[in-house]
Amino acid sequence: MPIPPAVPPRVLTVAGSDSGGGAGIQADLKTMLALGVHGMSVLTAVTAQNSLGVQGAWELPAEAVRAQYRSVVDDMGVSAVKTGMLSSAALVETVAALLAATDAPVVVDPVGVSKHGDALLAAEALESVRTRLLPVATVATPNLDEVAQITGVTVTDEAGMRRAADRMLGHGPRWVVIKGGHLPGDPVDLLTDGSQEHWLRAPRHDNRHTHGTGCTLASAIACGLARGQDVPTAVRAAKAYVTGAIAAGFALGAGIGPVDHGWQLRNAR
Ligand SMILES: Nc1ncnc2c1ncn2[C@@H]1O[C@H](COP(=O)(O)OP(=O)(O)OP(=O)(O)O)[C@@H](O)[C@H]1O
Ligand SMILES: Cc1ncc(COP(=O)(O)O)c(N)n1
């Protein structure tokens, strides 16, 4: 008699679709497959997107977001959740209300603009991110542009990252990762809960094909939390995974190509 496989941890992404397959839902599900968990999705918006930018974006109704979430969570259960592009105040509030009732750890990537500067969140939704979404986050993972939008702090160095982290924690997430990928030099991220402080350093890969780094990092953190890792362990492992994915990023399209979510599989051949 074949032995039925054990049920893997289940990770849910609540995010937008990137037709180019480098960021958004597609990055999240690929990361989850690569890291050995069962990936599930609640789609918030559809984007027409490629290596050159975002050519169009269409949001789904709040009712469709709620229905997808209920279908998955009520039947299959969820070990961790990751949120990405939420597009509008209405969807931020819908998702925050759903997550307020879960016991699963929640990773919030407060996606504001794409790498090319296309808005993925309406400006008037920022207040809902501050007051509704961040309070339900186990870990929030803003980049420096998102930190500036949310807290008003412009970060230019590591002391600024610490100030920004304090301000972010004031909005209620248990932990915050301030992503320093946009500062010059080797990329350093600051992980803190206000008492512990972890500086995560990695070599900068001089590869312009970095589309999807933020989504990939946040999803990988959710995978570690779903496996029962503590936050520092999950974030360290996620940083190593995204660093490898950036090093192997593909020169696809005429602009910024996607990171390689399958880099570990290719290395293992
Ligand atoms: N060139 C690079 N080499 C190595 N690591 C990098 C590089 N660029 C960014 N990182 C790392 O990738 C992760 C994502 O950081 P980043 O600041 O790029 O996030 P993001 O801005 O949300 O992503 P994106 O720019 O794709 O929207 C962080 O851990 C960061 O330190
Ligand atoms: C649908 C969608 N969601 C998120 C991002 C941000 O991507 P990144 O991971 O590069 O910050 C994106 N470009 N498109």
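In each ligand, atom 1 is the first atom listed, and ligand 1 is the first ligand listed. Quantities reported herein were computed from a predicted structural model and do not represent experimental measurements.
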Atom indices of ligand 2, in the order listed, that fall short of 4.0 Å to a heavy atom of Met85 | 1 (C), 3 (N)

Closest non-hydrogen atom pair, Lys115 against Ile256 | CG-CD1, 3.8 Å

Determine whether more than 12 heavy atoms belonging to other residues, nucleotides or ligands lie under 6.0 Å from atom CG of Asp74.
-> yes

Salt-bridge test for Glu63 and Arg66: reply yes if a basic N is under 4.0 Å from a carboxylate O, no otherwise.
-> no

Strictly by modelled atom types, are Glu59 and Ser88 linked by a side-chain donor-acceptor pair under 3.5 Å?
-> yes

Are the side chain of Arg10 and the backbone N or O of His38 linked by a donor-acceptor pair below 3.5 Å?
-> no

Sub-3.5 Å pairs, protein N or O with ligand 1 N or O:
residue, atom, partner, partner atom, Å
ligand 1, 1 (N), Arg204, NH1, 3.3
ligand 1, 1 (N), His205, O, 3.1
ligand 1, 3 (N), His205, N, 3.0
ligand 1, 17 (O), Gly181, N, 3.3
ligand 1, 18 (O), Thr213, OG1, 3.2
ligand 1, 21 (O), Asn143, ND2, 2.8
ligand 1, 21 (O), His182, NE2, 2.8
ligand 1, 22 (O), Asn143, ND2, 3.4
ligand 1, 22 (O), Lys179, NZ, 2.8
ligand 1, 23 (O), Thr213, OG1, 2.8
ligand 1, 23 (O), Gly214, N, 3.4
ligand 1, 25 (O), Lys115, NZ, 2.8
ligand 1, 25 (O), His182, NE2, 3.1
ligand 1, 26 (O), Lys115, NZ, 2.6
ligand 1, 26 (O), Thr213, OG1, 2.9
ligand 1, 29 (O), Asp189, OD2, 2.5
ligand 1, 29 (O), Lys239, NZ, 3.3
ligand 1, 31 (O), Asp189, OD1, 2.9
ligand 1, 31 (O), Asp189, OD2, 3.4
ligand 1, 31 (O), Lys239, NZ, 2.8

Ser17 contact mode with ligand 2 (heavy-atom cut-off under 4.0 Å) = backbone

With rounding to the nearest 0.5 Å, note down the distance linking CZ in Arg208 to CD1 in Ile246.
-> 15.0 Å

N/O to N/O below 3.5 Å, does that happen between Gly212 and ligand 2?
-> yes

Look at Asp109 together with Lys179 and state whether they make a salt bridge at an N to O cut-off of under 4.0 Å.
-> yes

For ligand 2, indicate whether the residue Gln49 contacts it via side chain, backbone, both or neither (heavy-atom separation under 4.0 Å).
-> side chain

Roughly how far, to the nearest 0.5 Å, is CD of Gln196 from CG of Leu191?
-> 8.0 Å

Out of Gly22, Ala27, Cys215, whose heavy atom sits nearest atom 4 (C) of ligand 2?
-> Cys215

Looking only at non-hydrogen atoms, the one of Leu120, Val259, Asp18 nearest atom 12 (C) of ligand 2 is Leu120

Does any N/O atom on Thr210 come nearer than 3.5 Å to any N/O atom on ligand 2?
-> no

Number the atoms of ligand 2 from 1 as they appear, then name those within less than 4.0 Å of a heavy atom of Thr213, with their elements.
-> 9 (O), 10 (O)

Charged N to carboxylate O below 4.0 Å: is that the case for Arg201 and Asp186?
-> no

Side-chain ion pair, Arg162 and Glu197, N-O less than 4.0 Å | yes

Atoms of ligand 2, numbered as shown, that sit under 4.0 Å from any heavy atom of His211 = 13 (N)

